[in-house]
Protein chains: 2
Amino acid sequence: MKQTGDLNLVKKINKSIVLHHIRSDSPISRARIAEITGLTKATVSSLVNELIESSLAHEIGAGESSGGRKPMMLLFNGTAGYAIGVDLGVHDILAVLTDLTGKVVEEYRVQHDNASVEQVVGLLKASIRELIRRAPDSVYGIIGIGIGVPGICDENGNLLFAPNLGWENVPLQQQVEEEFDIPVVIDNEANAGAVGEKQFGAGKDTANLVYVSIGIGIGAGIIIKGELYRGATGFSGEIGHISIQHDGPKCRCGSLGCWELYASEHALLEKARIELGESADLESLLRMADAGEPAVSRLFERLSYYLGVGVVNIINGYNPDFIILGGRLARAEKWLMQPLQTVLEKRSLPHPREQLNVEFSSLGDRSTVLGASSFAIAKFFASTRVSVEHN
Amino acid sequence: MKQTGDLNLVKKINKSIVLHHIRSDSPISRARIAEITGLTKATVSSLVNELIESSLAHEIGAGESSGGRKPMMLLFNGTAGYAIGVDLGVHDILAVLTDLTGKVVEEYRVQHDNASVEQVVGLLKASIRELIRRAPDSVYGIIGIGIGVPGICDENGNLLFAPNLGWENVPLQQQVEEEFDIPVVIDNEANAGAVGEKQFGAGKDTANLVYVSIGIGIGAGIIIKGELYRGATGFSGEIGHISIQHDGPKCRCGSLGCWELYASEHALLEKARIELGESADLESLLRMADAGEPAVSRLFERLSYYLGVGVVNIINGYNPDFIILGGRLARAEKWLMQPLQTVLEKRSLPHPREQLNVEFSSLGDRSTVLGASSFAIAKFFASTRVSVEHN
DNA sequence: CTAAGTTTGTTTAATGAATTTACAAACTTT
DNA sequence: AAAGTTTGTAAATTCATTAAACAAACTTAG
């Protein structure tokens, strides 16, 4: 049912607002918070003191006077607890331990051969266990685990379908929650990546962005007005299966001419195998391009073109003001960026484009883990203390 | 700045919840509202009495007892005020006067030849003036005007670009507001249509739907979790310009192979001209198809195919659970539905499709006006309703 | 037909979070 | 040193919700 209003809600809202400012505008004084929120100084004072009480904020001493008594500056206490973010990849697992600000303090990587679900989930749990072991002591301990997966999930944290892993219907959240008895959030790796970029990457100051993850397949995470947008059933952005050629080759999804048949890493390697007469991986293709092999540069150029076609569709369909390209293929930025820009300039509607920015991810392969950890932190603040939204 | 919490907000929230139930579950008793909202009987009683005070609800007598005192049933007072909804078309204007429940009480239609912006806006104002003249007396009078336009608008109600009208940068909201001194909302006709369908049409029980308006161009209105979704810049869903053939014919938008080049009314008529050797309008094509002309049926069949290709893109990209096809081409439902369904079954991902429904609009050409009027009503309740005390 | 139980809706007192007003402490400026 | 500013806390007030009590209106069991 819908949330009704009462004093509890009022306090929750205001505490959330106060904490938000301490988190994002720190160091900041009580008086300044009162000024920008419109709350009275008394209210802010009381809420801040409760936050200090619960170790989420602390005073760090007096600041500069502006003509009167010196303000007592407040800081968010990022080390009151720690979160774990995991990127469950098709061939490897990347897990990080972050503090409550999202800063990475420990990292753990492991390859897997994807032999069986049990084995991979076992490795996943082992990674988490290792990071828990390494976590510093803190007031709240490990407050949550976020996992980004290469597939679609439902709202209960079941991994419904992960084609590139070959998994179906794995109750991942339940399994991990039972193991560690810590709140777990599962979401698509592109959604996590979008949040990661929004929070820590190029999209920091943007309320509307699309993160396109170009790996073996293509996925997208869409953030509108600061919030992750999921489709009707909780998983959206199967954007790799938007057709860019209605009579193109058949895709395993049933449709024809899907974008991901043209612009994914898989598509690139396939084309390379055909045109170069031998199979190569992305790393060697990059080396060959660097060495000045024209056939390979042409491959990347062709890929950029198709990438651009799909990105134009995103622009026209979703109308973001920032597009961030990530995933494994982001390493080829050098070869992709310029031709991509050309396609966009030629093909996108003038109105949406005006204020549009396109960039490759600056977080390397960490977009997803950072976003996943961010999910865990958000859940902690939503359930325990206060709800966190806005911008 | 963000809204902080105080007692005012609490009351506003709860009053809004109570009114919502009176609007949608009426006739309903105070006790029942308390039961389903979780508010106490005392609170509900107090809020209901204020709503009655301000003429938005009234008592209609006792209902059936369920083993105790008979409940006093409440009704929403739909005639406390009236709203005007307008569909500004490329060749005509349709305007309606509705009560606060959205029920149409007066209608006004007029053709226009789109000679100049001034002339058409003049006709628009005349239509509104006529409906205001015809409006019954009421407590609040005309509470707002909503206008659906065939183009993209910004949040200030400026019509930025309407290609099929040939208009650019018309401050429509301002012009109409100045004329009548009544709050005005401007939005895209497809957005309005989506809201109309959600409120009064096939999409009543659906939280996630896409309304595709297939007219001279193609537009879409997207509703996610009951709310209209607009892109970053306040106008989204230029879905007609998603490319379904990356190397297709050039579109005026700059891209190639846009959907609307294949599946709009304009595309159909163009194809008809070429294949039949003479130009015809939609109405005559429908007559010819009814008369059994195989060349014409083939035209519709071909159109359905392209329609399907784009709809599959919508399904994969937005993941709605209801798609409603409206606009002028909805009249061809008979010829389009079956082949369209075939394409969808063949081409869409299994997961999204499972719970998907596709239907043609049942509101005829009224989806947009009803949605537009609904915008006006929503604006009234969002701004005025709660602060109607102590006038 | 009466007594007991139920349901509805109002009244009254209590709760608690924010606001308003006042004020002390700590600065800067003149 | 006096005057003015700024910060943060304290006390009193406000007000919407809740909780508890209750009267009115109705049904049902015996």
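The sequence lines fix the lettering, A, B, ..., with proteins before strands; numbering per chain opens at 1. Given the structure is predicted, the values throughout are model-derived calculations rather than measurements.
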To the nearest Å, how far apart are [X] [atom1] and [N] [atom2]?
X        : N       : atom1 : atom2 : value
Arg32(B) : dT8(C)  : CZ    : P     : 10 Å
Leu9(A)  : dA18(C) : CG    : C1'   : 14 Å
Ile28(B) : dT8(C)  : CD1   : C1'   : 14 Å
Ile52(A) : dG8(D)  : CD1   : P     : 10 Å
Ile17(A) : dA17(C) : CD1   : C1'   : 14 Å
Ile33(A) : dG8(D)  : CD1   : P     : 9 Å
Met72(B) : dA24(D) : CE    : P     : 16 Å
Glu64(B) : dC26(D) : CD    : C1'   : 12 Å

Taking the side chain of Arg69(A) as heavy atoms from C-beta outward, which of dG9(C), dC26(D), dA25(C) is closest to it?
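Shortest atom-to-atom distance from the side chain points to dA25(C).
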Counting side-chain heavy atoms from CB outward, which of dT7(C), dT7(D), dC27(C) is closest to Ser65(A)?
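The answer is dC27(C).
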Would you say the side chains of Thr79(A) and Asn77(A) form a donor-acceptor pair under 3.5 Å?
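Yes, side-chain donor-acceptor contact under 3.5 Å.
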With no hydrogens and no angle check, is any side-chain donor or acceptor of Asp187(A) less than 3.5 Å from a backbone partner on Gly148(A)?
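Flag not set: sc Asp187(A) to bb Gly148(A) has no pair under 3.5 Å.
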Just by modelled atom types, is the Gly68(A) backbone N or O under 3.5 Å from a matching donor or acceptor in the Ser65(A) side chain?
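Here the side-chain-to-backbone pair exists.
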Heavy atoms under 4.0 Å is the rule here; annotate nucleotides 14-22 of chain D 5' to 3' with B where the base is hit, S where only the sugar-phosphate is, and - elsewhere.
-BSSBB---
Nearest heavy-atom neighbours spanning Asn191(B) and Gly221(B):
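Smallest heavy-atom distance, with atoms named: OD1-CA, 3.5 Å.
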Test of ring centre spacing under 6.0 Å for Phe380(B) and Tyr140(B):
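Yes, they do, as the ring centres are separated by less than 6.0 Å.
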With DNA chain C as reference, determine whether Ser66(A) or Met73(B) sits nearer its 5' end, using the nearest nucleotide of each.
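The residue whose closest nucleotide sits nearer the 5' end is Met73(B).
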Quick check: on DNA chain D, is the nucleotide nearest Arg30(A) upstream (toward 5') of the one nearest Gly68(A), or the reverse? Name the residue that is more 5'.
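It is Gly68(A) whose nearest nucleotide is closer to the 5' end.
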Let me see the working for Thr43(B) and Thr40(B) under side-chain hydrogen bond (donor to acceptor under 3.5 Å, both in side chains), right down to the final yes or no.
CA-CA 5 Å; Thr43(B) 303; Thr40(B) 61; 2.8 Å; yes
Is a salt bridge present between Glu50(B) and Lys11(B), judged by a nitrogen-to-oxygen distance below 4.0 Å?
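Yes, this pair counts.
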